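These notes are about the structure you will find just below.
Everything numeric in this text was worked out from a predicted model, so none of it was measured. Ligands are counted one by one from 1 in listed order, and the atoms in each one are counted from 1 as well. In what follows, every heavy atom counts, from backbone to side chain, and hydrogens, waters and symmetry copies are set aside.
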Amino acid sequence: MQKFSTVIVGGGASGIIAAISAKRKGISVVICERMGQVGKKILASGNGRCNLSNDKLDESCYNQSARPLVKSVFNRFGRDGIKNFFYELGIKLHSEEGRIFPATNQSSSVLKILEIELKRLAISIELNFDAADISYTRDGFVVTSKSNKKIIGRSLIFACGGKSYPALGSDGSAYKFAKNFGHKIIEPVPVAVPIVIKDPLCHILQGQKIFAKVKSIISGVVIGEAAGDILFTKYGLSGTSILDISEEISVAVNRFNKKDIAVAVDMAPFMTTKELEDELAKRIKKNFSTEDLLVGILPNKFGIAMKDLLKTKDKIAIAGGVKDRRFKVLGTRGWNEAEFTSGGIEVNQVREGTLESKLRKGLYFAGEILDVNGRRGGYNLAWAWASGFVAGEEAANA
Ligand SMILES: Cc1cc2nc3c(=O)[nH]c(=O)nc-3n(C[C@H](O)[C@H](O)[C@H](O)COP(=O)(O)OP(=O)(O)OC[C@H]3O[C@@H](n4cnc5c(N)ncnc54)[C@H](O)[C@@H]3O)c2cc1C
């Protein structure tokens, strides 16, 4: 049985950086990764560009319950720490409206620079090591793979990710290890995920993308708002603005089984309701055909898709249908289309500042496996880097 000071289960963003920070403390480290390669999700991130952090990074960009823990970690390794870490490795960064990317705009350069550092530090990596059992003995944490290989460590970092995009490695199967140590799991639900809606408008307009303002309304209360692209699809709505408001919707529908959920879409956010009504009144007076009433305001296809409403020639009803179109939500798409996970290991059982389990000494957590989820825009990778770095340093001192 191979022995290391620290065993890291999961070779994603958080596991890689945890290994680097632990090894820099001079201890022996191993990464156990079930895939044939580390960092597969890094490669897929940001549409292949890796939005690795955000200039506005702070705890307010994360779920309420996680903020004290996030703050305690960012106090040690936050926005500047992350930037400096990558600068020192040799990656040049640039930001777009606060979202930080590698200057190359290639996530492969982020992974490559991390791999160079893993190699320079001679960090052991066990690929195709699918952890199947983790137990605690007098000698430390024993991690057993599906093929019965055993590795032992004085300390252990769980960096196995959440449940999104299982093809990239993390499928939530690692929650059970934490459960065995007594940790509570908040039911994971997919976020940054398209929304399922049965509405003829979505069906007729599938493939159409417009800029819109959207709101999530749960039991009559507006919970979230966003502006950005909205994409009509045959199953409902997608696009950046929908992904941005999907978290509260997914939690409500998938975790709490709520039914009274709607998305309100302002399809013409560049005009006030009054301006739209006045424009419609002008067009109605000029005898515009039904189909042409919205020409130049919305793509032409909307004239056909919304013909029943346009037929009324009622400027107030039409403006309402454009500025505040309600869609009843039936559900969300699944894990294969979700960028992040909401839920995971409950943060109350994890020590602020160190990320050590309150239930088992020497056990640490990093990344998306915890019930910490950030907004879109680089916050989730930022959490993975920050928590990985801190967990690595702490595990090295354990
Ligand atoms: C398509 C996509 C695009 C994204 N884009 C961005 C973006 O631009 N910016 C951003 O901030 N966030 C983005 N995210 C989210 C971000 O990538 C994740 O939050 C982050 O990678 C989480 O890092 P992690 O180390 O916690 O988990 P992961 O990166 O998922 O790594 C966990 C690792 O653990 C391994 N593992 C799991 N179980 C076991 C086991 N039993 N044994 C051994 N190994 C195991 C997995 O194979 C995986 O390699 C994106 C996510 C997706 C899916």
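- Residue, atom and distance of the protein heavy atom nearest to atom 35 (C) of ligand 1 are Glu33 OE1, 3.3 Å.
- Looking at Ala132 against ligand 1, nothing comes within 4.0 Å, counting heavy atoms.
- Ranking protein heavy atoms by distance to atom 19 (O) of ligand 1, first place goes to Glu368 OE1, 2.6 Å.
- Under the 3.5 Å distance criterion, the side-chain polar atoms of Ser95 are left unmatched by any main-chain donor or acceptor of Ile100.
- Of all atoms in ligand 1, listed by their number and element, those nearer than 4.0 Å to a heavy atom of Ala131 are 40 (C), 41 (N), 42 (N), 43 (C).
- Counting the atoms of ligand 1 from 1 in the order shown, those under 4.0 Å from a heavy atom of Tyr379 are 11 (O).
- Geometrically, ligand 1 and Asn380 share a nitrogen or oxygen pair separated by less than 3.5 Å.
- Counting heavy atoms under 4.0 Å from ligand 1, residue Ala384 touches it through the side chain alone.
- Atoms of ligand 1 found under 4.0 Å from any heavy atom of Gly367, numbered from 1 in the order shown, are 26 (O).
- Closest to atom 32 (C) of ligand 1 by heavy atom, among Ala338, Ala159, Pro166, Ser14, is Ala159.
- For Cys50, no nitrogen or oxygen atom sits less than 3.5 Å from a nitrogen or oxygen atom of ligand 1, counting backbone and side chain alike.
- Salt bridge present: Arg24 and Glu117 bring a charged side-chain N and a carboxylate O closer than 4.0 Å.
- Between the Asn51 side chain and the Gly46 main chain, no donor and acceptor come within less than 3.5 Å of each other.
- Within ligand 1, the atoms closer than 4.0 Å to a non-hydrogen atom of Gly12 are 25 (O), 29 (O), 31 (O), 33 (C), 49 (O), numbered from 1 in the order shown.
- Counting heavy atoms only, Phe129 comes closest to atom 43 (C) of ligand 1 of the residues Tyr175, Phe129, Trp385.
- Ion pair Asp278/Lys282 not flagged as a salt bridge, since none of the NZ, NE, NH1 or NH2 atoms sits closer than 4.0 Å to an Asp/Glu carboxylate oxygen.
- The hydrophobic cluster containing Val9 does not contain Met35, counting ILVMFWY residues as joined when their side-chain heavy atoms lie under 4.5 angstrom apart, directly or transitively.
- Between Lys146 and Asp130 a salt bridge is recorded (basic side-chain N to carboxylate O distance below 4.0 Å).
- For a threshold of 3.5 Å applied to N or O pairs, the pair formed by Ala13 and ligand 1 contains at least one separation below that value.
- Listed by number with element, the atoms of ligand 1 under 4.0 angstrom from any heavy atom of Gly161 are 26 (O), 27 (O), 30 (O), 32 (C).
- Residue Phe340 touches ligand 1 through its side chain alone, judged by heavy-atom distances below 4.0 Å.
- Summary of contacts: the protein heavy atom closest to atom 45 (C) of ligand 1 is Arg34 CG, 3.6 Å.
- Side chain of Trp385 to backbone of Leu52: a donor-acceptor contact under 3.5 angstrom is found.
- Ranking protein heavy atoms by distance to atom 30 (O) of ligand 1, first place goes to Ser170 OG, 2.9 Å.
- Geometrically, ligand 1 and Ala44 share no nitrogen or oxygen pair separated by less than 3.5 Å.
- Near Met35, meaning under 4.0 Å from one of its heavy atoms, ligand 1 places the atoms 47 (O).
- Here the protein heavy atom with the shortest distance to atom 11 (O) of ligand 1 is Leu381 N, 2.7 Å.
- There is a path of hydrophobic side-chain contacts, each under 4.5 Å, that joins Leu363 to Val390.
- Here the heavy atom of the protein found nearest to atom 53 (C) of ligand 1 is Tyr165 CD1, 3.2 Å.
- At most 12 non-hydrogen atoms from other residues, nucleotides or ligands lie less than 6.0 angstrom from NZ of Lys56.
- Using a cut-off of 4.0 Å between Lys/Arg side-chain N and Asp/Glu carboxylate O, Arg326 and Asp324 are scored as salt-bridged.
- With sequence neighbours excluded, the residues satisfying side-chain contact (heavy atoms from CB on, under 4.5 Å) with Leu330 are Val196, Lys198.
- Contact of the Ile318 side chain with the Met306 side chain is not registered, since no non-hydrogen atoms from C-beta on lie closer than 4.5 Å.
- Nearest non-hydrogen protein atom to atom 3 (C) of ligand 1 is Ser45 CA, 3.5 Å.
- Proximity of a side-chain donor or acceptor of Glu394 to a complementary backbone N or O of Glu356 within less than 3.5 Å is not detected.
- Residue Cys32 approaches ligand 1 through these ligand atoms, each under 4.0 Å from one of its heavy atoms: 43 (C), 44 (N).
- Ranking protein heavy atoms by distance to atom 51 (C) of ligand 1, first place goes to Glu339 O, 3.2 Å.
- Of the charged side-chain nitrogens involved, at least one lies within less than 4.0 Å of a carboxylate oxygen, so that Glu279 and Arg283 count as a salt-bridged pair.
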